[in-house]
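What follows is a set of notes on a single structure, which appears directly below.
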Amino acid sequence: MTPTVAATTIEGMCLLAVLCNAKRFGVSRSTALLIALSCLPVPVVIIATRPIFAFDLAGPIVLSMVHATNPRVTSSARGLAVTYGMGLVLWPLFATILATAVLNEHSSLADCAVFFLRSCFAVGAFVWAHRTAASPRSTSTISFVAIPTLFWFVYAIAGIMQYLGVLDTNVFWAYHDPANQRNVTTGFMAMDAPQISVWATFGAAWALWLSETAKGWLRWLLLCMPSTSIILCICVASRYGLVGSCLATLLTSAVVIRGRSGMTRLAFAAVVIAALIPFASQYWDVLPLEQKQHIETKFAILAAIRSPSEALDARDSSTQFLIQYISSNPLRLVVGSGIATECDAGCEVRTYAEGDFIRVLWAGGLVALLSYLAILAMLVRRAITTMHSTTRKCVKHTPALLLVSTFLCLVYSVGQFNLFTNFEFNMPIYYVLWLVIGALYAGGGDAPLTQCKPVAARQRSARLTQSQRPLLIGPLC
């Protein structure tokens, strides 16, 4: 079985499972289908070396559904969408025109078109998820988190099976490296290390968040996800993924998980990690020598880091030279150098970077960078404001996850692709992040509290006389 057939089969099984259980997720089949399509990493078709993904084809449908959904988007969400569209889409495209005319940069009309369309689809996904989760009859906030977590769980199993030698799903390097020089240990399910690290980090946070409301065996299964993410990041030698997964686990545990039952679940997660150590030791013994050296070299660099500057150099030693190069030209610094103008090799200064902050600075200058920081500030403000709202206690864990997710986006934007980059190394997790953030943005503040029975009882009791009111004992949620 070829890697493409194996990965596509696994995708199809996940897609079928989501559609058959759409009611259990609390959404319609069309909504479940669109969320699921954003989680499919195997390209549908490759056009002129540019892979086209399933959600790229579904993007126009999402944009049309933005106008079909009933609830009106809130002013804060509208402001975020406008800020992204103006500062991170239209401005970098304007900078592209200016840079090619004045700075002699070279770009591609096709790359700019793909960037524009995917950015529009991402904004549409955010608004659609926000409206869908904010619907008065909606219970779908959790679904926008649960469905991607389900896909990551299945993909993680596929990754483990690949590293055990059971199957090969490394589609990414199957068409990027036909000679198989990087072998099957560099990625799985059509994803390379950058996508896997983002999936692993956010998957760990989402799984712990879902364990707060899950019951029975599903709760304990979700608690195994952080340890699985950590192990897979080690297997693909992703330093950012390892640090991110550990950070996501600690942050989510501190902010979301509360009470005695929460401590019990954290203890269970610790036991799972401890139980996996002997298995990991045996697996390490049978690894090929070349792969062992690759992993050891990567993490030896991580262990030697003593300062933030050393961390940036370890990630990409050309970053400091790129910043100096941008700062030396006022036009580049303020306006930017445009989309698809990076030079990876064979140039005087390497202008290719993997951190979204640097990529935004290169593409749109300080104007775009300030817009990106403003978006992160809007997400943080939304989460903190909602968490301190006295009337939103029953959904307080939702803005808590929004806060954790925003902080993880901030961490990843320093040295990894995140909410701006939308070429294949960051697809389709780029769409998934915007869908989840859109749902959390609504679920914590605009979603009604009909699911919280004590609050509903309090509202009903407000219409009774003082003598008729029932006595509410204990916390409201």
Side-chain angles (χ1 to χ4, degrees), residues 79-120 122-123 194 240 307-381 406 409-423 425-426 430:
L80 191 149
V82 171
T83 302
Y84 189 90
M86 296 296 293
L88 292 171
V89 182
L90 296 181
W91 182 264
L93 290 174
F94 166 74
T96 305
I97 299 174
L98 196 61
T100 53
V102 179
L103 300 175
N104 296 322
E105 295 289 348
H106 300 281
S107 184
S108 166
L109 181 61
D111 289 332
C112 290
V114 170
F115 167 80
F116 176 75
L117 290 175
R118 284 178 173 168
S119 299
C120 291
V123 174
Y240 228 99
S307 65
S309 60
E310 290 183 1
L312 290 176
D313 289 341
R315 180 61 183 165
D316 189 348
S317 58
S318 64
T319 299
Q320 57 178 335
F321 300 105
L322 175 56
I323 295 176
Q324 294 173 1
Y325 179 67
I326 295 174
S327 303
S328 63
N329 190 312
L331 184 62
R332 290 189 191 277
L333 180 62
V334 178
V335 179
S337 304
I339 299 297
T341 57
E342 304 96 336
C343 178
D344 188 10
C347 45
E348 182 180 354
V349 178
R350 184 175 185 262
T351 56
Y352 174 87
E354 292 192 359
D356 255 9
F357 284 145
I358 305 299
R359 295 183 65 82
V360 169
L361 182 63
W362 170 261
L366 290 177
V367 175
L369 181 60
L370 290 175
S371 300
Y372 195 86
L373 293 174
I375 289 173
L376 294 177
M378 291 177 190
L379 296 176
V380 172
R381 181 178 180 274
T406 305
C409 287
L410 175 64
V411 171
Y412 263 82
S413 296
V414 174
Q416 187 61 276
F417 313 126
N418 202 248
L419 296 176
F420 173 75
T421 304
N422 56 25
F423 72 111
F425 287 91
N426 197 38
Y430 169 75

Find out whether [X] and [Y] are in side-chain contact, i.e. whether some heavy atom of one side chain is under 4.5 Å from a heavy atom of the other.
| X | Y | result |
| --- | --- | --- |
| Leu88 | Val360 | yes |
| Phe357 | Leu410 | yes |
| Trp362 | Thr341 | yes |
| Ser119 | Tyr430 | yes |
| Asp111 | Ile339 | no |

In Å and rounded to the nearest 0.5 Å, what is the [atom1] to [atom2] distance from [X] to [Y]?
| X | Y | atom1 | atom2 | answer |
| --- | --- | --- | --- | --- |
| Arg381 | Leu379 | CZ | CG | 12.0 Å |
| Gln416 | Phe425 | CD | CZ | 11.0 Å |
| Leu322 | Arg332 | CG | CZ | 9.5 Å |
| Leu376 | Thr406 | CG | OG1 | 7.0 Å |

Closest contact, heavy atoms only, [X] versus [Y]:
| X | Y | result |
| --- | --- | --- |
| Tyr372 | Leu419 | OH-N, 3.5 Å |
| Phe115 | Asn422 | O-ND2, 3.4 Å |
| Ala95 | Val335 | CB-O, 3.4 Å |
| Leu103 | Gly336 | CD1-O, 4.3 Å |
| Tyr240 | Val411 | OH-O, 2.7 Å |
| Leu361 | Leu333 | CD1-O, 4.2 Å |

Any pair counted as ring pair (Phe, Tyr, Trp, His ring centres under 6.0 Å), so long as it reaches residues 330-349, sequence neighbours left out:
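Sorted pair list comes back empty.
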Pairs flagged by salt bridge (Lys or Arg N to Asp or Glu O under 4.0 Å) wherever residues 364-379 is involved - sequence neighbours left out
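Qualifying pairs, neighbours excluded: none.
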Is the distance between the ring centroids of Phe423 and Phe417 under 6.0 Å?
yes
Tell me if a side-chain donor or acceptor on [X] pairs with a main-chain N or O of [Y] at a distance below 3.5 Å.
| X | Y | value |
| --- | --- | --- |
| Thr351 | Cys343 | yes |
| Thr421 | Asn418 | no |
| Trp91 | Gly364 | yes |

Member of Ser337, Ser108, Ser107 meeting the side chain to side chain contact (heavy atoms under 4.5 Å, CB included) criterion with Thr96
Ser107
